[in-house]
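Bear in mind the structure is a predicted one, so any value in this text is a computation, not a measurement. For this chain, numbers begin at 1 and follow the sequence in order.
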Amino acid sequence: MRAVRRGGARLWDRFAASDPGLLRLTAGLRTVSAIALTLVVLALLGTGVNHMVAGAMTAMTATFAVKDKVVRDQAVTLALGLPVSLVAMSLGALLTSQVVAGDLFFIALIFGAVYCRRFGERGTALGLIGFQVYFLSLFVGASTASLPELYLALAVGFGCSAVVRFGVVPETPQRVLARLRDAFRTRLAQLVSVQIELLDAGPEQLEKVLDDMRRHTARLHETALMIQGRLEEGTSDADKAALLQRRVADAEIATERLGMLLLNARSVERADTLTLHLPHAPVPLTGDWRPAEDDATIALRRDLKALHLLVSRPAARDGGTAVAHIRNRLLGYRDEERLPSAPSGIQDAFRGIGEAARSVLGLRLALDGPQDESDDSPATTRSREEFDAEDIALASSETPADEERAGLQRPTTRAAFQVSVGSVLAMVGGEFLSSQRWYWAVLTCWVVFLNTASTGEILVKGYRRLLGTLLGAVAGVALAGLVGDHTWVSFALVLVFIFAMFFTAPLSYAVMSFFVTAMLGLLYTLLNSYSFDVLVLRIEETAIGAACGVIAAVLVLPVRTDRRTDELLGTVLERLGDVASAAVEQLSGGPASDLLGKARSLDTALDELRDSTNPLTYPITPLRGRRQTVRYLVALLETCAYHARSLAATAELVPHSKTVAADPRLHRAGQRIAHNIEVLGAYVGDEGAEGEVESGATIASTLRDDGSGTQPSGTVTFRVLRHLQRLDEGVVGLARPLDVPVADRAESKAVRG
């Protein structure tokens, strides 16, 4: 029985890690519960099937549209949404016989709903509710005679949505943040588990283990970003929120760096972490490698398992002295004299374990407050003192507001005009196909503009929706034939599809569209309007709507994918330069700054760039060479960002560390990197820019004072030299895909002379 419980706990941990904070599960359960409660209430009131469908769709809209993060704001938005929906339903019923007036109002409503996004979450929610309820009035064939019962269905839908949101499946920012923290701990433990496998994997398993490590590292990063997005609402104290953000970043960077150090330690050829990040990178391992069984490797394996215990074990379960002794031993590796006698690569791995253990201690202090210090070793005491010094130095700082664009340059205004023009085209094209179902084309045009910012993104989203609709129509035909006249079976399947729709929405838009279309097939069956021709028409209207959306995006205030990616690439390079320059400045003895905050801004910009390049790397793109170039460029930027984050994490230790001192020579070493990033940014922003990227001597050679080229292992230079070198190589490597000229450092000096 105990084994079953342990297996269930492990299975739940894996599920929780795949859905950080259980956000997708909660969204699906909340929506399905609101719809089910609405159906039960309306059935008890004796309403017809049409009005039950209207109430169910209203409950779904009221549940997913409201996204305010504070509970009070959610209640206000939900309360305002009811009168908006009543007005939309009334106008839909009144204008149903006024074709021209109804079409004009629909276009005005679409423009207003998109334009309202500029007013934040509440404006977005109210605009979405207004559009969806007006669309619902067309779907159920609302008339003035049926308005009283429709009003009742709308009120019940909103009421049930409120009951479920605030009573049955409540969600507070603090609760979401707590679940995200648990997910971060789980993903951190999973990454350490993969790193243990990495130490012993043979040549035939190594490629799979590396793929697993990349995937778990990406998931850990995703959860860290989600925590950052929830900190402001989930933590009342701004200083505590900033501290938690810093500790999460510390743990993420330290664990990611540990994986690279382990790979470097186990490779006879010394792993090349630059090429490791690139697409289709070769595995850096000789063919005759076998797991070592010397004392140092056995101790390394033992301490990795001990680190996994520290990561996966909540602080509340740290009773006794065993965990404290493990923590003390791992933190002791931060002292050079405690390192075992082993090759330098193995010693680096032990140092990485020590820094990872330190980050876990800091994360526990930030989450759970002060802990028992009676069993602390001198190394643990010193780590706590470093954290105390950092906490005192940490001061809240206001994030500078982004420059807001005005007029037609504002994204919401531009999107409002684009959607309106596309909807007019979709309305005309849809009318040619069907005078009764034309609104499906308008809905598709509306949807493909949601959460998109360039023509390429709209094209890809339209293709995915069409593909999902095609497959969903086939499923709808089969299910409608099987269900027949069984009303409650149809409603039960609708609930299943709605849950699947919300659960898969962040993962695959095509899969979500499949469940939407299959659900609609069942709804048509409930409304007694199902036929094979209707589902074929649904596909045709979807194709028309997607095409009209693309046409509007191309002709009306277009934002080309190239231009958007260039803008985001310039932002990434700018923030990469900020992190690298500030980190090198602090490593060389300069003033302290919020380096991890800068690093997190770099990560956010890189994520936005990665998303914007999806149309360029999509499998169906005809430009194969360009796709490879974009993937190579993004992979190089990810490598540069990793080494910049590692520099920032090490630089954060310098002002408070009693064992690692700054090295003024590093300022000189960082000048070439800063210059090269500046040149790359200039070329991205202006094709006519001048300048060359400098390459040549290694960073280590520029720091050589005594001719030996080596640095004492206890110095900050020894810790960051590899990251500086890799960052320098990565930045120079960016010059080739960006077509920036590269000059050898000696040549560039001669030209300047």
Side-chain angles (χ1 to χ4, degrees), residues 15 18-43 51-69 71 73-75 77-82 84-85 121-122 124-133 135-136 139-140 153-173 175-176 179 443 446-447 450-451 468 472 488 490-509 511-523 526:
F15 177 80
S18 67
D19 181 15
L22 303 179
L23 299 183
R24 289 185 284 124
L25 177 65
T26 303
L29 288 177
R30 184 183 299 113
T31 305
V32 169
S33 300
I35 294 173
L37 183 59
T38 301
L39 292 175
V40 170
V41 173
L42 290 177
H51 300 104
M52 292 175 68
V53 170
M57 295 184 69
T58 299
M60 181 179 70
T61 300
T63 302
F64 79 77
V66 179
K67 296 186 180 298
D68 299 273
K69 296 180 175 62
V71 175
D73 293 340
Q74 294 175 11
T77 302
L78 202 59
L80 294 175
L82 179 57
V84 169
S85 66
E121 298 286 2
R122 181 166 297 158
T124 301
L126 295 179
L128 183 57
I129 290 172
F131 172 84
Q132 292 286 4
V133 173
F135 171 83
L136 176 61
F139 182 76
V140 299
L154 293 180
V156 170
F158 270 87
C160 291
S161 176
V163 169
V164 170
R165 176 182 293 273
F166 303 120
V168 180
V169 189
E171 180 180 281
T172 63
R175 187 171 299 174
V176 172
R179 292 202 302 264
L443 178 66
W446 158 279
V447 169
L450 293 177
N451 300 319
W488 288 106
S490 297
F491 273 126
L493 287 175
V494 166
L495 293 178
V496 171
F497 288 151
I498 288 176
F499 176 82
M501 176 179 69
F502 279 91
F503 193 79
T504 59
L507 305 178
S508 172
Y509 186 71
V511 174
M512 186 202 74
S513 299
F514 166 83
F515 287 117
V516 170
T517 305
M519 175 196 69
L520 289 173
L522 293 171
L523 289 180
L526 290 169

Rounded to the nearest 0.5 Å, what's the gap from [atom1] on [X] to [atom2] on [Y]? Could you check?
X: Phe139; Y: Met57; atom1: CZ; atom2: CE; result: 5.5 Å
X: Leu29; Y: Phe499; atom1: CG; atom2: CZ; result: 5.0 Å
X: Ile129; Y: Phe158; atom1: CD1; atom2: CZ; result: 4.5 Å
X: Ile498; Y: Thr31; atom1: CD1; atom2: OG1; result: 8.0 Å
X: Leu495; Y: Met60; atom1: CG; atom2: CE; result: 11.0 Å
X: Leu522; Y: Thr517; atom1: CG; atom2: OG1; result: 11.5 Å

So which atom in [X] and which in [Y] form the shortest heavy-atom distance, rounded to 0.1 Å?
X: Ala54; Y: Val140; answer: CB-CG1, 4.3 Å
X: Arg30; Y: Val169; answer: NE-O, 3.5 Å
X: Val84; Y: Leu126; answer: CG1-O, 3.9 Å
X: Cys160; Y: Thr38; answer: CB-OG1, 3.3 Å
X: Phe497; Y: Ala518; answer: CE1-CB, 4.0 Å

- Can Tyr509 and Val447 be said to form a side chain to side chain contact (heavy atoms under 4.5 Å, CB included), step by step? CA-CA 11 Å; Tyr509 186 71; Val447 169; 2.6 Å; yes
- Message: Ring-plane angle category for Trp446 and Phe131, please: parallel below 30°, perpendicular beyond 60°, tilted otherwise.
- Response: parallel
- Query: So, do Phe166 and Gln74 sit near enough that their side-chain heavy atoms are less than 4.5 Å apart?
  - Reply: yes
- Flag the pair Phe502 / Val32 as yes when at least one side-chain heavy-atom distance between them is below 4.5 Å, and no otherwise. no
- Task: Output, in order, the C-alpha distance, side-chain angles, deciding distance and verdict of side chain to side chain contact (heavy atoms under 4.5 Å, CB included) for Met501 and Phe64.
- Result: CA-CA 12 Å; Met501 176 179 69; Phe64 79 77; over 6 Å; no
- Would you check, one step at a time, whether the test side chain to side chain contact (heavy atoms under 4.5 Å, CB included) holds for Glu121 with Asp73? CA-CA 9 Å; Glu121 298 286 2; Asp73 293 340; over 6 Å; no
- Message: I'd like to check the salt bridge (Lys or Arg N to Asp or Glu O under 4.0 Å) partners of Asp68; sequence neighbours left out, ordered by chain and number.
- Response: none
- Query: Under 3.5 Å, is there a donor-acceptor pair between the side chain of Ser161 and the main chain of Gly157?
  - Reply: no
- Item | Stepwise side chain to side chain contact (heavy atoms under 4.5 Å, CB included) check, Thr63 with Val164 | CA-CA 9 Å; Thr63 302; Val164 170; over 6 Å; no
- Within residues 159-170 or reaching into it, pairs that qualify as salt bridge (Lys or Arg N to Asp or Glu O under 4.0 Å) - sequence neighbours excluded: none
